[in-house]
Amino acid sequence: MTTVTRLAVPSALDAASDALLADRAADGDVRAFEVLVRRHGPLMRVHATRILGSNDETDDVVQESFITAWRQLPTLENGAAVKSWLMRICGRKSIDRVRARRDHADITETDAAAPATLTPHHVAETQEQAEALARCLAELPDDQRRCWTLRELGEYSYTDIAEELDLPVSTVRGLLARARKTLLRELEDWR
């Protein structure tokens with residue numbers, strides 16, 4: 001049995017410029033596109049291999065790049081830039097492959113731990129503290145309670161509290177000091 005080897009016969013397209021080949025390929029000339037594949041395929045393989053880090057997926061990426069290029073050739077405005085355009089397509093396809101390799105945690109399989117602030121013990125303790133504070137505030141004289149509430153909960157400045165309650169700033173300072181002293185003493189167990 002004899003084996004017939006097919007020799008590549010050079011054509012006039014082999015010497016044509018990238019611009020001419022790209023224009024003809026955009027018009028559907030498969031032979032012009034074959035010349036672009038032979039001319040730029042090896043460089044695209046090297047580029048893909050560098051990005052991918054191995055040869056395992058290089059041929060697939062280059063082939064996908066040429067398929068994309070064939071489909072998008074009519075959108076290429078400058079046929080002379082076909083080489084850099086092909087390299088960009090190949091680079092994007094290679095990066096997409098690298099991204100697809102990353103291990104992604106299956107979030108449906110993972111139960112996130114509840115924050116420590118939402119444990120039943122912590123919630124119960126917080127509620128008890130809030131109730132104790134409410135009881136202590138209820139026992140404060142009205143002016144002290146209002147000053148403390150505006151300062152600590154409303155984040156008012158001393159001047160704003162004085163204007164709100166129609167009191168001198170020095171009186172506000174004194175009322176706040178007494179309210180804080182009482183609350184510290186009454187809530188000592190919670191510190």
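Only heavy atoms go into these numbers, but all of them, side chains included; no hydrogens, no water, no symmetry mates.
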Please lay out, stage by stage, how V35 and R31 fare under the test side-chain contact (heavy atoms from CB on, under 4.5 Å). CA-CA 6 Å; V35 173; R31 295 199 190 276; 5.9 Å; no
If I take atom CG from residue L184 and atom SG from residue C136, how far apart are they, to the nearest 0.5 angstrom? 10.5 Å
Under 3.5 Å donor-acceptor pairs involving side-chain atoms of residues 37-48, not counting sequence neighbours:
from : atom 1 : to  : atom 2 : distance (Å)
R38  : NH2    : D14 : OD1    : 2.9
R39  : NH1    : A16 : O      : 3.0
R39  : NH1    : D18 : OD1    : 2.7
R39  : NH2    : D14 : O      : 2.8
R39  : NH2    : A16 : O      : 2.9
H40  : NE2    : D18 : OD1    : 3.3
H40  : NE2    : D18 : OD2    : 3.1
R45  : NE     : D59 : OD1    : 3.0
R45  : NH2    : D59 : OD1    : 2.9

Return the CG to OG1 distance between D56 and T58, rounded to the nearest 0.5 Å. 7.5 Å
Residues T159 and V169: closest non-hydrogen pair is CA-CG2, 4.3 Å
Output every pair passing side chain to side chain donor-acceptor pair (under 3.5 Å) with a member in residues 63-83, not counting sequence neighbours, ordered by first then second residue. E64-R97, T68-K93
In this structure, would V62 and V98 fall into the same cluster of hydrophobic residues linked by side-chain contacts under 4.5 Å? no
Salt-bridge contact E152-R180 (side-chain N to carboxylate O under 4.0 Å): yes
Out of curiosity, I89 CD1 to S94 OG, how far, rounded to the nearest 0.5 Å? 11.5 Å
Give the minimum heavy-atom separation between P168 and A162, together with the two atoms involved. C-CB, 4.1 Å
Out of curiosity, E164 CD to C147 SG, how far, rounded to the nearest 0.5 Å? 10.5 Å
Sole candidate of D143, D142, I161, L140 that passes side chain to side chain contact (heavy atoms under 4.5 Å, CB included) when paired with L175: D143
dist R185:CZ -> K181:NZ (nearest 0.5 Å) comes out at 7.0 Å
Got a salt bridge between R24 and D27, using NZ or NE/NH1/NH2 to carboxylate O under 4.0 Å? no
For I51 and G91 the tightest heavy-atom approach is CD1-CA, 3.8 Å
Taking a hydrophobic cluster as the set of Ile, Leu, Val, Met, Phe, Trp and Tyr residues connected by side-chain heavy atoms closer than 4.5 Å, whether directly or through intermediates, do L183 and V172 fall within one such cluster? yes
Should L13 and L73 be regarded as members of a common hydrophobic cluster, given that ILVMFWY residues are connected when their side-chain heavy atoms come within less than 4.5 Å of each other, either directly or indirectly? yes
Could you give me the CA-CA distance, side-chain angles and deciding distance for L165 and L150, then say whether side-chain contact (heavy atoms from CB on, under 4.5 Å) is met? CA-CA 10 Å; L165 299 179; L150 289 173; 4.1 Å; yes
Hey, could you give me the CD/CG distance between E57 and L52, rounded to the nearest 0.5 Å? 5.5 Å
Hydrophobic cluster membership, with links at side-chain heavy-atom distances under 4.5 Å among I/L/V/M/F/W/Y: are M87 and F33 in one? yes
Counting heavy atoms not belonging to Y156, are there more than 12 under 6.0 Å from its OH? no
Indicate the atoms forming the closest heavy-atom contact of A32 with A25, along with that distance. CB-N, 4.0 Å
